Asker: 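This structure is in structure tokens; I'll ask about it shortly.
Chain letters run A, B, ... following the sequence lines, proteins first, then strands; residues in each count from 1. What you see is a predicted model, and the numbers here were worked out from it, not measured in a lab.
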Protein chains: 2
Amino acid sequence: MQPPEQWVEELLKLNDQDEKMTDKQLRIIQAAVETFSVKGYAASSTSEIAQKAGVAEGTIFRHYKTKKDLLLSIIAPIMSKLIGPFILRDFTKVIDAPYSTYEDFVRAIIRNRLEYARNNLPVIKIFMQEIPFQDDLKKHFKELVSKHVISRVIKVIEQYQQKGALINVPPLSILRFTISAVFGFVMTLLILMPEADWNEDEEIELTIQMIMHGIARSADDQALQNE
Amino acid sequence: MQPPEQWVEELLKLNDQDEKMTDKQLRIIQAAVETFSVKGYAASSTSEIAQKAGVAEGTIFRHYKTKKDLLLSIIAPIMSKLIGPFILRDFTKVIDAPYSTYEDFVRAIIRNRLEYARNNLPVIKIFMQEIPFQDDLKKHFKELVSKHVISRVIKVIEQYQQKGALINVPPLSILRFTISAVFGFVMTLLILMPEADWNEDEEIELTIQMIMHGIARSADDQALQNE
DNA sequence: GTGTAAAGTGAGTAATCACTCATTATTTGA
DNA sequence: TCAAATAATGAGTGATTACTCACTTTACAC
């Protein structure tokens, strides 16, 4: 069993019940995260999780009433953390920051989400794999995203549009486009092509450039080349 | 049981064994697709599929040796269809077409993939939900994508870069960016926000504009606004 | 119409599963 | 140190599952 990783520390921080997790409970969670992320929740047995954790199967049910409660104890805390940058307290600073550009905003989001994803990959995998099947969770996450992400970022986008920094198209379309590019970047880097030799800082800047200015060569650039 | 939909016709077309599917086999597949896409493969029982298809459970095993064979019979054919536009015969036309732009290329891909996804949504859902857990399939799909999509589209991108139409950055980055934007668009439209009132043609053009020119307002645009 | 092959059935099987609970072990507080 | 509370155990349970197979039904060829 590996030493605790970042995502374990995140889980500990988010423990709502202020009670100290026992060593065995911690090992149960670690084993569950490993098994759920590799095999999927439905194909993972409590027997296997117990063996992997080095505890009796009944011990799992000392701590969690059902297998699903174990899953939820892993997934539920991650939802607010996934939209963490957009939580009000932190987010207000971004909007009010002087000299701030949408570009800086996107850069901060990419770096922050990339770092978070890198340190919480197994739990994020479980979340993405399970959300299609857990209607309660899906609904709750949609509400969280709608309330904390979409409405807020759209306000940010509108402000930058009024400043003349962003094109005049529906803010939701800009949001969708931005999130697609960021998500595709993070997914490619961490899950789809982890073995590829990306220069990460360059790719971040490149991604931001492409988001802001696209991939078409401008007429100015072409004129310069023709000289 | 609904009348056959597009994805059923696609499956019939791809039947490798040139044998006619019986009515019951067809109903088994339809029921399996419905159940797998909603509950996931591991949480779907052959008993439920049989009931839904209106056949005896043993009938499933008359046609498929294992439950997994049933799944594979649904998923495997979709892999080549997912990269269909990039298959050599059709793809060569795109490269050789006169007056063709990368923008037209992307537009064609978006329209084609959107139409395909719309008509094959349940099967695509199953594919995306299962690929993380089926190592053989994942490996095979990666090879298909690598051989037929990445290598080819990178050649296209390089050609447009030489023509001066695209910026001089690594082609793989452009590919990643383009696919992210297209995928994000299709996912949003069909799965994440199907209830939103998108004007589809406008959003396609918008997405292409943002891919090509980004979302930053150009200096020319800003100067015009200042007048 | 008859015989054979193919399709279909559903009761049954062995295995697996989430979970229980009587018992044992460990921890805690006085 | 001791009693009570808490944590842990693992054999057992009832339910569920993928699959089998003897039997029945249907289709096909002559």
Asker: Tell me which nucleotide among D:dC19, C:dT9, C:dA18 gets nearest to the side chain of B:Glu57.
Answerer: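 Of the options given, the side chain of B:Glu57 lies nearest D:dC19.
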Asker: Expressed in angstrom and rounded to an integer, what is the separation of B:Asp23 atom CG from D:dT26 atom P?
Answerer: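 So the CG-P distance, B:Asp23 to D:dT26, works out to 14 Å.
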Asker: Rounded to whole angstrom units, what separation is found between the NZ atom of A:Lys24 and the C1' atom of D:dT6?
Answerer: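 After rounding, the reported distance stands at 13 Å.
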Asker: Take atom CD of A:Gln51 and atom P of C:dC17, then tell me their distance rounded to the nearest Å.
Answerer: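 To the nearest whole Å, that distance equals 10 Å.
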Asker: Return no unless some side-chain N or O of B:Thr22 is found under 4.0 Å from OP1 or OP2 of C:dA7.
Answerer: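 No, because none of the side-chain N or O atoms of B:Thr22 sits under 4.0 Å from OP1 or OP2 of C:dA7.
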Asker: Strictly below 4.0 Å, heavy-atom distances to any atom of DNA chain C: list the hits from residues 60-71 of chain A, or just say none.
Answerer: A:Phe61, A:Thr66, A:Lys67
Asker: Starting at CD of B:Gln25 and ending at C1' of C:dT9, how long is that distance when rounded to a whole Å?
Answerer: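 Rounded to whole Å, this separation is 17 Å.
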Asker: Do any pairs count as a salt bridge (charged side-chain N to carboxylate O under 4.0 Å, His left out) and have a residue in residues 58-78 of chain B, sequence neighbours left out, and if so which ones?
Answerer: none
Asker: When the distance from CG of A:Leu26 to P of D:dA7 is rounded to whole Å, what number comes out?
Answerer: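 In whole Å, D:dA7 P and A:Leu26 CG are 15 Å from each other.
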Asker: Hey, do the aromatic rings of A:Phe127 and A:Phe141 have their centres closer than 6.0 Å?
Answerer: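 That pair passes the under 6.0 Å test.
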Asker: Could you identify which residues of residues 36-48 of chain B place a heavy atom less than 4.0 Å from some atom of DNA chain D, listed by residue number, or say none?
Answerer: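 Contacts with DNA chain D under 4.0 Å: B:Ser44, B:Ser45, B:Thr46.
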Asker: Do the side chains of A:Lys155 and A:Glu158 get close enough for a salt bridge, i.e. N-O under 4.0 angstrom?
Answerer: no
